[in-house]
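First the structure, in the form of C-alpha cells, and then the observations on it.
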Amino acid sequence: QVQLVESGGGLVQAGGSLRLSCAFSGHTGSTYAMGWFRQAPGKEREFVAGTMWSGGSTYDADSVKGRFTISRDDAKNTVYLQMNSLKPEDTAVYYCAARYSSRWSTLWDAYPYWGQGTQVTVSS
C-alpha cells in the first residue's frame, strides 16, 4: 500500500528557508510521478512542483520558480521540497502526492495518493 508522510513544516520569517520531506513507501517499481501541492485557507489546492520518481525533469510553478526546488533521494525513499526566500503568501498546508504514471500532472485530482500535509507559516 502506497504511503506518503510529510515532515519539515513550521513557522519561519519572510526571507527564510524550510525543507519539506516526503517519505514514499509501499510502491512497486519506479514509474511514479510525484508532486508537491499547497492549500491556503479559503483557496483551491495549488500545484507547486513535480518530478518523476525515476528521475529526470522537474517542474516548478511560476509562483515559486527560482525559489523552490524539488528533488529526490532514492536511497532514503524521500522526495524533498527546498523552499528559499519564503514569502507570507507561501503560507499554506503543503501536501506530497503520487500517481502511477510516466508523466506528472499539475491537476490535484490526477493523484490518488496523498500525505497528511504539513503546515508552513511565513510571518512578515
Output, in order, the C-alpha distance, side-chain angles, deciding distance and verdict of side chain to side chain contact (heavy atoms under 4.5 Å, CB included) for Gln82 and Phe68.
-> CA-CA 5 Å; Gln82 178 67 44; Phe68 291 10; over 6 Å; no
Determine whether Ile70 and Met83 fall in the same hydrophobic cluster, where Ile, Leu, Val, Met, Phe, Trp and Tyr are linked whenever their side-chain heavy atoms lie under 4.5 Å apart.
-> yes
Going by distance alone, is a donor N or O of one side chain under 3.5 Å from an acceptor N or O of the other, for Tyr94 and Arg38?
-> yes
Where does the angle between the aromatic ring planes of Phe24 and His27 fall among parallel (under 30°), tilted (30 to 60°) and perpendicular (over 60°)?
-> parallel
Report yes or no: is the cationic atom of Lys65 (NZ for Lys, CZ for Arg) under 6.0 Å from the centre of the six-membered ring of Tyr59, at an angle within 45° of the ring normal?
-> yes
Could you list all the disulfide bond (SG atoms under 2.5 Å apart) pairs where at least one residue sits in residues 60-124, not counting sequence neighbours?
-> Cys22-Cys96
Can you hop from Tyr32 to Tyr80 via hydrophobic side chains spaced under 4.5 Å?
-> no
Side chain proximity check, Lys87 to Arg67, heavy atoms < 4.5 angstrom | yes
Single-linkage hydrophobic cluster Trp108~Trp53, side-chain heavy atoms < 4.5 angstrom = no
Exercise: identify the closest heavy-atom pair between Asp90 and Ser85 | OD2-O, 4.4 Å
May I ask you to test the Gln39-Tyr95 pair for a side-chain heavy-atom distance under 4.5 Å?
-> yes
Verify whether one side chain among Thr78 and Asp73 offers a donor that lies under 3.5 Å from an acceptor in the other.
-> no
Kindly determine whether Ser63 and Glu46 satisfy side chain to side chain contact (heavy atoms under 4.5 Å, CB included), including the steps that lead there.
-> CA-CA 10 Å; Ser63 59; Glu46 174 190 22; 3.4 Å; yes
Locate the shortest heavy-atom distance separating Met34 from Leu4; write the atom from each residue and the value.
-> CE-CD2, 4.0 Å
Is Trp36 close to Val79 at the side-chain level, that is, under 4.5 Å between some pair of heavy atoms?
-> yes
In terms of hydrophobic clustering (I, L, V, M, F, W, Y; side-chain heavy atoms under 4.5 Å; direct or indirect links), are Leu18 and Val48 co-clustered?
-> yes
Answer whether the closest heavy-atom distance between the side chains of Thr118 and Leu20 falls below 4.5 Å.
-> yes
Smallest separation among heavy atoms of Ala92 and Ala40, with atom names = CB-N, 3.8 Å
Lys NZ or Arg CZ of Arg45 over Phe37 ring: under 6.0 Å, within 45° = no
With hydrophobic residues grouped by side-chain heavy-atom distances under 4.5 Å, do Trp104 and Trp114 end up in a single group?
-> yes
